[in-house]
Number of protein chains: 2
Amino acid sequence: MNPEVPTNCLPAELVSRTGFLLGRLGMALKTQMMEAFEAEGFSAYQYSVLALLDEGPRTAQAAIADALQFDPSQLVAMLDALESRGLIERKRDPNDRRRQMVSLTAAGKRQLAAFRKLVQRIEDDFLEPLDEDERRELHELLLRVAVQRDARYVLPVAAKS
Amino acid sequence: MNPEVPTNCLPAELVSRTGFLLGRLGMALKTQMMEAFEAEGFSAYQYSVLALLDEGPRTAQAAIADALQFDPSQLVAMLDALESRGLIERKRDPNDRRRQMVSLTAAGKRQLAAFRKLVQRIEDDFLEPLDEDERRELHELLLRVAVQRDARYVLPVAAKS
DNA sequence: TATTGTTATACTCTATAACTATA
DNA sequence: TATAGTTATAGAGTATAACAATA
């Protein structure tokens, strides 16, 4: 027998399809992220929320759901969890008491910094076979595909300073 | 107002993460594939099965589940559907009547050819913003990441003759 | 009456466990 | 007793629909 050579290889036809790889890898990475966050008592979605709020508070929960393409009803539980840990703050809009204004707290900023390290660690591990240039190349290619599909993926022109 | 500029852009932090793009795009493409197959009365998983069997019949269902990383119990329904349409054939192994030998029929080969066109069409549409060289580059980068994670993604050295 | 956030319900998908027949 | 395939069950995750407060 030859234990080095896997007997149950994937069909070459599938492996040679970019779409198949994209689907499988995307799913694998997502799963890995979810598990890592869960192991620390959080959810990966909560990271997205904090990252969004770091760009400024939102005047309504619906704005968050809209930007991240989350279901408004499933957002409630996420915000509840974040609020009970003191990472975000919900305040009723005095002009329209139906709306909740959501903002990041100081503790939330600190947690976000920790999340960044976690995400970076997983991503580095995942992209390990690629050097820095190749990672940039991969990112650029994916970003162009993403922007084509949804204009909301455009990066702000002057992100820095 | 300025309807061209989306007010609910994704946070730059997320868009600048390769992992985020990979996860989102992978999911989006998978969903698109699933819907396209479903619209024709099939499932995208069935394409994987046919592609695998095109490389040769399998001596047991478990080998298929193993190669494609499907749950054996969920594979049953897939094979049932394929068999009832005459696309595959199941034969009991006379030496071990517990095993089912699974092979592609002539009709199955024809259906596989049709599936290939469908998949190619969706993939072309998805990768539209990239030219041929860039698509090759993207595929090569993804493949290297995939192989690192799971050796079964290795493409056979001499795939063609 | 319409909208915001919330809660409750239903549905899909997957993963686990039990079952049958063969060995 | 163990294994291959099958069927049944349970659980997570997601989407839909009803609800209460405010406009």
Side-chain angles (χ1 to χ4, degrees), chain A residues 7-8 23-24 26-28 30-35 37-39 41-49 52-53 57-84 88-103, chain B residues 7-8 23-24 26-28 30-35 37-39 42-46 48-49 52-53 57-84 88-103:
Chain A
T7 49
N8 288 321
R24 284 262 175 147
M27 188 62 81
K30 188 181 177 180
T31 302
Q32 219 165 305
M33 289 282 181
M34 304 276 262
E35 284 171 354
F37 274 89
E38 206 165 319
F42 290 96
S43 116
Y45 299 119
Q46 293 176 340
Y47 163 63
S48 299
V49 173
L52 180 77
L53 292 177
R58 302 284 148 156
T59 61
Q61 288 186 191
I64 301 174
D66 230 52
L68 297 175
Q69 291 160 268
F70 288 164
D71 190 305
S73 69
Q74 93 182 36
L75 179 64
V76 174
M78 287 182 220
L79 295 182
D80 286 349
L82 289 170
E83 190 180 31
S84 70
I88 63 157
E89 222 174 25
R90 281 199 270 211
K91 271 189 222 159
R92 288 277 169 199
D93 180 343
N95 299 323
D96 183 345
R97 289 188 40 72
R98 289 173 305 182
R99 291 168 185 270
Q100 298 262 41
M101 301 189 303
V102 186
S103 58
Chain B
T7 50
N8 289 321
R24 285 261 176 149
M27 188 61 82
K30 188 179 177 182
T31 302
Q32 221 166 305
M33 288 284 182
M34 303 275 261
E35 284 172 353
F37 274 89
E38 206 165 322
F42 290 97
S43 115
Y45 299 119
Q46 294 177 338
S48 300
V49 173
L52 180 77
L53 292 177
R58 303 283 148 158
T59 61
Q61 289 186 190
I64 302 173
D66 230 51
L68 298 175
Q69 292 160 265
F70 288 166
D71 190 306
S73 69
Q74 92 184 39
L75 179 64
V76 174
M78 286 181 220
L79 294 183
D80 286 350
L82 289 170
E83 191 181 29
S84 72
I88 64 158
E89 221 174 25
R90 281 197 271 209
K91 271 189 223 157
R92 288 277 169 199
D93 180 342
N95 299 324
D96 183 344
R97 289 187 43 73
R98 288 174 305 183
R99 291 169 185 269
Q100 299 261 40
M101 301 190 303
V102 187
S103 59

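The basis for the numbers below is simple: all heavy atoms, side chains too, and nothing from hydrogens, waters or symmetry mates. Please read these numbers as outputs of a predicted model, since none were measured by experiment. Letters go in sequence order (proteins before strands), and every chain restarts at 1.
Listed candidates were D:dT7, C:dA23, D:dT22. Nearest to the side chain of A:Arg97 is D:dT22.
Per the geometry, CD belonging to A:Gln74 stands 6 Å off P belonging to D:dT14, to the nearest Å. Note: CG (A:Asp93) to P (D:dT22) measures 13 Å, nearest angstrom. Taking atom CE of A:Met101 as the reference point, atom C1' of C:dG5 lies 15 Å away to the nearest angstrom. As rounded to whole Å, 11 Å separates atom C1' of C:dG5 from atom CZ of A:Arg99. Regarding A:Phe37, its CZ atom lies at a distance of 16 Å from the P atom of D:dG13, rounded to whole Å. Note: CG (B:Leu79) to P (D:dA4) measures 15 Å, nearest angstrom. Here the C1' atom of nucleotide D:dG13 and the CG atom of A:Leu75 are 16 Å apart, to the nearest Å. If you measure from atom CD of B:Gln100 to atom P of C:dA21, you get 14 Å, rounded to the nearest angstrom.
The distance from atom CG of B:Leu52 to atom CZ of B:Arg58, rounded to the nearest 0.5 Å, is 4.0 Å. In this structure, CD on A:Glu89 lies 11.5 Å from CG on A:Leu53, to the nearest 0.5 angstrom. Atom CG of A:Leu79 and atom CD of A:Gln61 lie 5.0 Å apart (nearest 0.5 Å). With values rounded to the nearest 0.5 angstrom, B:Ser43 atom OG is found 8.0 Å from B:Leu82 atom CG.
Scanning for salt bridge (Lys or Arg N to Asp or Glu O under 4.0 Å) contacts around A:Asp80 gives A:Arg90, with sequence neighbours left out.
In terms of position along DNA chain D, the nucleotide closest to A:Tyr45 lies nearer the 5' end than the nucleotide closest to the other residue of the pair A:Tyr45 and A:Arg98.
A close approach under 4.0 Å does occur between a side-chain nitrogen or oxygen of B:Gln61 and OP1 or OP2 of D:dT6. Using a 4.0 Å cut-off, some side-chain N or O of B:Arg90 falls inside it from OP1 or OP2 of D:dT6.
With respect to A:Lys30, the side-chain contact (heavy atoms from CB on, under 4.5 Å) criterion is satisfied by exactly one of A:Gln32, A:Met34, A:Met33: A:Met34.
Against DNA chain C, the stretch residues 65-72 of chain A makes no heavy-atom approach under 4.0 Å.
Of the possible polar contacts, one joining the A:Arg92 side chain to the A:Arg98 backbone as a donor-acceptor pair under 3.5 Å is found.
Within 3.5 Å, a donor on the side chain of A:Ser73 pairs with an acceptor on the base of D:dT16, or the reverse.
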